[in-house]
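I have placed the structure first, in the form of structure tokens, so that the comments after it can refer back to it.
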Protein chains: 2
Amino acid sequence: MSKYDTVLDPYFAALGDPTRRMILQRLARGKASVSELAKPHNMAMPSLMEHLKKLETANLITSKKEGRTRICELAPKAFTPAQNWLSEQCAIWEERQAYDDL
Amino acid sequence: MSKYDTVLDPYFAALGDPTRRMILQRLARGKASVSELAKPHNMAMPSLMEHLKKLETANLITSKKEGRTRICELAPKAFTPAQNWLSEQCAIWEERQAYDDL
DNA sequence: ATCATACTTAGACATATGCCTAAGTAAAAG
DNA sequence: CTTTTACTTAGGCATATGTCTAAGTATGAT
């Protein structure tokens with residue numbers, strides 16, 4: 001079931017950027033507007049928006065417009081796709097280890 | 001401790017490619033030579049080698065030359081960096097949820 | 001009605017990425 | 001000792017990525 005999981009491509013790619021991981025860490029602490037998210041990153045707004053777009057495409061965050069500000073938050077179960085894939089691989093590997101130890 | 005973890009950049013980036021995830025899935029089942037790894041991927045050898053190099057740089061796999069063949073295997077605790085970062089974020093988020101539910 | 005704020009769109013640009021072919025090199029087989 | 005085999009190196013090429021500036025648009029404040 002995880003063999004050709006194309007969903008994980010943009011997902012892990014999104015996690016591969018430090019700016020985006022910092023955004024996620026910030027959002028783990030609660031909702032934030034785009035400009036709040038932008039502040040710690042000495043970066044032009046459109047550049048930051050690109051990151052947000054990738055996070056949203058990857059289903060790591062959601063966002064909605066409230067007046068002229070956009071509020072972002074972590075998607076529900078944002079991290080489970082990664083955790084599932086990873087623990088699946090671990091399981092296979094550990095099963096293998098059990099055999100090898102005989 | 002995970003705030004500016006540059007190690008995770010090449011790490012997650014490596015996971016963001018389907019070819020490389022398939023290689024990891026294969027290696028979870030045990031060691032393999034480069035050509036064994038190459039077989040299921042209709043891809044020129046040098047292209048595949050690039051993927052292996054990225055996986056090795058990311059500390060997801062190790063490899064050693066045995067005669068003229070190179071044997072690859074999963075790095076020890078290959079997946080824990082990712083699992084640690086992910087569960088850290090989950091923890092922060094869940095802590096937050098506890099407050100919000102009051 | 002005017003102005004400032006908070007994005008948003010459009011376009012440019014340098015570098016990175018994923019792929020290829022062609023030409024090595026080194027070990028094993030015949 | 002010649003030929004295969006199994007990588008490896010070098011170089012090229014198209015597209016993707018991460019960044020920017022400049023010019024919108026829409027909403028809130030005065």
Side-chain angles (χ1 to χ4, degrees), chain A residues 3-27 30-74, chain B residues 3-27 30-74:
Chain A
K3 232 171 192 179
Y4 294 92
D5 202 339
T6 54
V7 167
L8 291 177
D9 288 12
Y11 185 96
F12 279 122
L15 290 176
D17 182 277
T19 303
R20 289 194 290 263
R21 283 199 311 280
M22 276 195 256
I23 291 172
L24 292 173
Q25 289 182 315
R26 167 63 188 77
L27 290 178
K31 303 179 187 189
S33 71
V34 172
S35 15
E36 279 166 357
L37 291 173
K39 255 178 200 161
H41 303 280
N42 196 26
M43 191 178 284
M45 183 91 65
S47 314
L48 198 112
M49 290 290 295
E50 272 301 296
H51 288 302
L52 294 178
K53 196 174 297 178
K54 282 182 186 170
L55 288 169
E56 198 156 8
T57 301
N59 289 310
L60 275 155
I61 71 170
T62 61
S63 74
K64 58 177 187 292
K65 207 75 190 276
E66 284 184 6
R68 67 186 153 168
T69 85
R70 177 174 293 279
I71 304 297
C72 303
E73 63 182 316
L74 276 192
Chain B
K3 232 172 190 175
Y4 293 92
D5 203 338
T6 54
V7 167
L8 291 177
D9 289 11
Y11 186 97
F12 279 122
L15 291 176
D17 181 276
T19 303
R20 288 192 292 262
R21 283 200 310 282
M22 276 194 256
I23 291 171
L24 292 172
Q25 289 183 315
R26 168 61 188 78
L27 290 178
K31 305 179 184 188
S33 70
V34 172
S35 15
E36 278 166 0
L37 291 173
K39 254 178 200 161
H41 303 280
N42 195 25
M43 188 178 289
M45 183 91 66
S47 314
L48 199 113
M49 289 290 294
E50 271 304 295
H51 288 301
L52 294 178
K53 197 175 294 177
K54 280 180 187 171
L55 288 169
E56 197 156 8
T57 300
N59 288 310
L60 276 155
I61 71 170
T62 61
S63 74
K64 57 177 188 292
K65 208 76 191 277
E66 283 185 6
R68 67 187 154 171
T69 85
R70 178 174 292 280
I71 304 296
C72 302
E73 64 182 316
L74 276 192

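Note on naming: letters A, B, ... go to the chains in the order of the sequence lines (proteins, then strands), and numbering restarts at 1 for each one. Quantities reported herein were computed from a predicted structural model and do not represent experimental measurements.
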Checking side chain to side chain contact (heavy atoms under 4.5 Å, CB included) for the pair B:His51/B:Met43: CA distance, chi angles, key distance, verdict?
-> CA-CA 11 Å; B:His51 288 301; B:Met43 188 178 289; 3.9 Å; yes
Touch check for A:Glu50, heavy atoms < 4.0 angstrom, all strands: base, sugar-phosphate only, or nothing?
->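 The residue A:Glu50 makes base contact.
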Any side-chain heavy atom of [X] within less than 4.5 Å of one from [Y]?
X: A:Tyr11; Y: A:Leu60; value: yes
X: A:Thr62; Y: A:Glu73; value: yes
X: A:Ser63; Y: A:Glu56; value: yes

Looking at [X], I'd like to know whether one of its side-chain N or O atoms comes within less than 4.0 Å of OP1 or OP2 on [N].
X: A:Ser47; N: D:dC20; result: yes
X: A:His51; N: D:dT19; result: yes
X: B:Lys54; N: C:dG18; result: yes

Atom pair distance, as rounded to whole Å: [atom1] in [X] and [atom2] in [N]:
X: B:Arg20; N: C:dT17; atom1: CZ; atom2: P; result: 9 Å
X: B:Met45; N: C:dT21; atom1: CE; atom2: P; result: 13 Å
X: B:Leu15; N: C:dT17; atom1: CG; atom2: P; result: 14 Å
X: B:His41; N: C:dC19; atom1: NE2; atom2: P; result: 10 Å
X: A:Phe12; N: C:dT17; atom1: CZ; atom2: C1'; result: 19 Å
X: A:Asp9; N: D:dT17; atom1: CG; atom2: C1'; result: 15 Å
X: B:Met49; N: C:dA23; atom1: CE; atom2: P; result: 20 Å
X: A:Met43; N: D:dG18; atom1: CE; atom2: P; result: 10 Å

On DNA chain D, nearest-nucleotide positions of B:Pro46 versus A:Asp17: which is more 5'?
->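 Of the two residues, B:Pro46 wins.
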Between CG on residue A:Leu74 and CZ on residue A:Arg26, distance to nearest 0.5 Å =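 So the CG of A:Leu74 and the CZ of A:Arg26 are separated by 10.0 Å.
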To the nearest 0.5 angstrom, please state how far the CD1 atom of A:Ile61 sits from the NZ atom of A:Lys54.
-> 13.0 Å
Criterion side chain to side chain contact (heavy atoms under 4.5 Å, CB included) against A:Arg70, the qualifying member of A:Val34, A:Leu52, A:Leu37 =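 Looking at A:Val34, A:Leu52, A:Leu37, the match for A:Arg70 under the side chain to side chain contact (heavy atoms under 4.5 Å, CB included) is A:Val34.
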What are the residues of residues 63-74 of chain B, sorted by number, that bring a heavy atom to within less than 4.0 Å of DNA chain C?
->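 Those residues are B:Gly67, B:Arg68.
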Select one nucleotide: of C:dT17, C:dC20, C:dC19, the one nearest the side-chain heavy atoms of B:Thr19.
-> C:dC19
